[in-house]
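Here the structure is a predicted model, which means the values were calculated and not measured. Hydrogens, waters and symmetry mates play no part in the numbers below; they use all other heavy atoms, side chains included.
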Amino acid sequence: MRRMVGVVTFLLVALTAAGCGQDEVEGDWPFGEPSPSGDAPTPAAYTSELQAPAPSEFSDNSDVLPDADDGIAELDLDSGVRVVLWIDPDDIRRVLVQHSDPDDPEAWTEPEEIYTAGDGCLIMDAATNGEIVAVGLGCYEDDAFIQQAPDQGAALVSTDLTSWEVRDDLGEFYSEPAFDGDDVVFVNGVYEEQVLTWTADDGFRYDG
């Protein structure tokens, strides 16, 4: 009987400790996601150096390749994090991002592909309000050619640099994102009466 009481007491203590552990990890993780078990967040790994291409690696006045003004962007967040986004000059279908360690400007995350277009992207604009990062892309499903309107426009927003909300069913679209507080406004550069907005509560909404 005494042994059974001891076993029950041990189980109660173990279950209580497990419950407390679960409570401790509830909440939002700003730069990492909770593990599937809920034990701890997975932090961003700053295991790389900056690998973004130099401006000289982009084209100059090409109709089928992005130039540096449209192909790469650098943003500074209020946290001290630097964010660099670029269209891959070797494969213009790919859009990538890296961000730095806020405590070590020489340490960076590995490049992450955040968007892939059908034939390629020739226009990229990015902006931040210091916390949220927004990107507008002028991409092409077929035949990337700057003399015609992008037919696979896309908008991306991230609040934590670990996940991106994407809207890419916009057809002929490109935009330079702008902020209204914590809301993002994308005015379509092809048809200016069409406006895409993003809010933290509702995500993307397209008035077109």
Side-chain angles (χ1 to χ4, degrees), residues 28-31 33 52 58 63-79 81 83-89 91-99 109 111-208:
D28 297 328
W29 302 104
F31 289 97
E33 296 297 326
F58 291 88
D63 285 334
V64 295
L65 296 169
D67 60 27
D69 289 341
D70 291 324
I72 188 167
E74 182 175 332
L75 305 172
D76 294 315
L77 305 190
D78 292 343
S79 62
V81 169
V83 182
V84 180
L85 305 109
W86 69 94
I87 301 169
D88 186 347
D91 182 355
I92 64 170
R93 297 172 301 170
R94 305 171 67 228
V95 180
L96 300 102
V97 65
Q98 282 183 280
H99 70 269
T109 58
E112 177 189 2
E113 186 171 333
I114 57 174
Y115 190 72
T116 305
D119 191 55
C121 300
L122 298 179
I123 303 170
M124 180 185 68
D125 288 293
T128 183
N129 66 350
E131 296 181 356
I132 300 168
V133 174
V135 183
L137 296 174
C139 303
Y140 298 79
E141 182 66 36
D142 301 292
D143 191 20
F145 184 62
I146 198 64
Q147 298 300 326
Q148 60 190 12
D151 62 0
Q152 192 183 7
L156 297 83
V157 175
S158 180
T159 60
D160 58 10
L161 299 179
T162 63
S163 60
W164 294 81
E165 293 185 51
V166 179
R167 181 75 185 264
D168 65 350
D169 59 346
L170 305 171
E172 292 187 346
F173 177 95
Y174 70 90
S175 179
E176 182 175 348
F179 280 86
D180 180 8
D182 288 335
D183 301 341
V184 189
V185 179
F186 301 83
V187 176
N188 190 347
V190 182
Y191 305 107
E192 294 186 355
E193 69 276 10
Q194 298 177 349
V195 179
L196 176 70
T197 58
W198 177 92
T199 65
D201 290 336
D202 299 325
F204 287 109
R205 186 185 72 229
Y206 196 29
D207 299 321

### Task
Could you tell me how the ring of F173 sits relative to the ring of Y206: parallel (under 30°), tilted (30 to 60°) or perpendicular (over 60°)?
perpendicular
### Message
Between R94 and L96, does the side chain to side chain contact (heavy atoms under 4.5 Å, CB included) criterion hold? Intermediate values first, please.
### Response
CA-CA 6 Å; R94 305 171 67 228; L96 300 102; 3.5 Å; yes
### Considering all heavy atoms, the nearest A117-C139 contact
CB-CB, 3.7 Å
### Task
Identify the two heavy atoms, one from G181 and one from N129, that lie closest to each other, and give their separation to 0.1 Å.
O-ND2, 3.2 Å
### Message
Side chains of D180 and T197, heavy atoms from C-beta outward: is any pair under 4.5 Å?
### Response
no
### Message
If you count heavy atoms of other groups shown closer than 6.0 angstrom to CD of E192, is the number above 12?
### Response
no
### Message
Is a donor from one side chain sitting under 3.5 angstrom from an acceptor on the other, for D160 and T162?
### Response
yes
### Task
Tell me yes or no: between the side chains of E112 and T109, is some donor less than 3.5 Å from an acceptor?
no
### Query
Is the backbone N or O of E131 less than 3.5 Å from a side-chain atom of D78, with the two atoms forming a donor-acceptor pair by type?
no
### Summary
Minimal heavy-atom distance between A68 and F58, with the atoms involved, is N-CB, 3.6 Å
## Note on the structure
Separation between CH2 (W198) and CD1 (I132), nearest 0.5 Å, reads 4.5 Å
### Message
If I take atom OG from residue S163 and atom CG from residue L156, how far apart are they, to the nearest 0.5 angstrom?
### Response
11.0 Å
### Task
Examine distances only and state if a side-chain atom of S175 and a backbone atom of V187 form a donor-acceptor pair shorter than 3.5 Å.
yes
### Summary
Shortest non-hydrogen pair, L85 vs A126, comes out as CD1-CB, 3.9 Å
### Query
Closest heavy-atom contact between A127 and P177?
CB-O, 3.6 Å
### Task
Identify the heavy atoms of D76 and T128 that sit nearest to each other, and give their distance.
O-CG2, 4.0 Å
### Query
Can W164 and V135 be said to form a side chain to side chain contact (heavy atoms under 4.5 Å, CB included), step by step?
CA-CA 10 Å; W164 294 81; V135 183; 4.0 Å; yes
#### Entry: Under 3.5 Å donor-acceptor, Y140 side chain and Q148 backbone
yes
#### Entry: Under 3.5 Å donor-acceptor, D119 side chain and D143 backbone
yes
### Query
For R93, does the CZ atom sit with more than 12 other heavy atoms under 6.0 Å from it, leaving out its own atoms?
no
### Query
Do other residues, nucleotides or ligands put more than 12 heavy atoms under 6.0 Å from the CD atom of E172?
yes
### Task
Could you tell me whether a side-chain N or O of Q152 sits under 3.5 Å from a main-chain N or O of G118, the two making a donor and an acceptor?
yes
### Query
For atom OH of Y191, is the number of surrounding heavy atoms from other residues, nucleotides or ligands below 6.0 Å larger than 12?
no
### Task
Using the side chain to side chain contact (heavy atoms under 4.5 Å, CB included) rule, pick out the option among D69, V95, D70 that qualifies with M124.
V95
### Task
Just do the side chain to side chain contact (heavy atoms under 4.5 Å, CB included) check on L122 and Y174 with the steps written out, would you?
CA-CA 10 Å; L122 298 179; Y174 70 90; over 6 Å; no
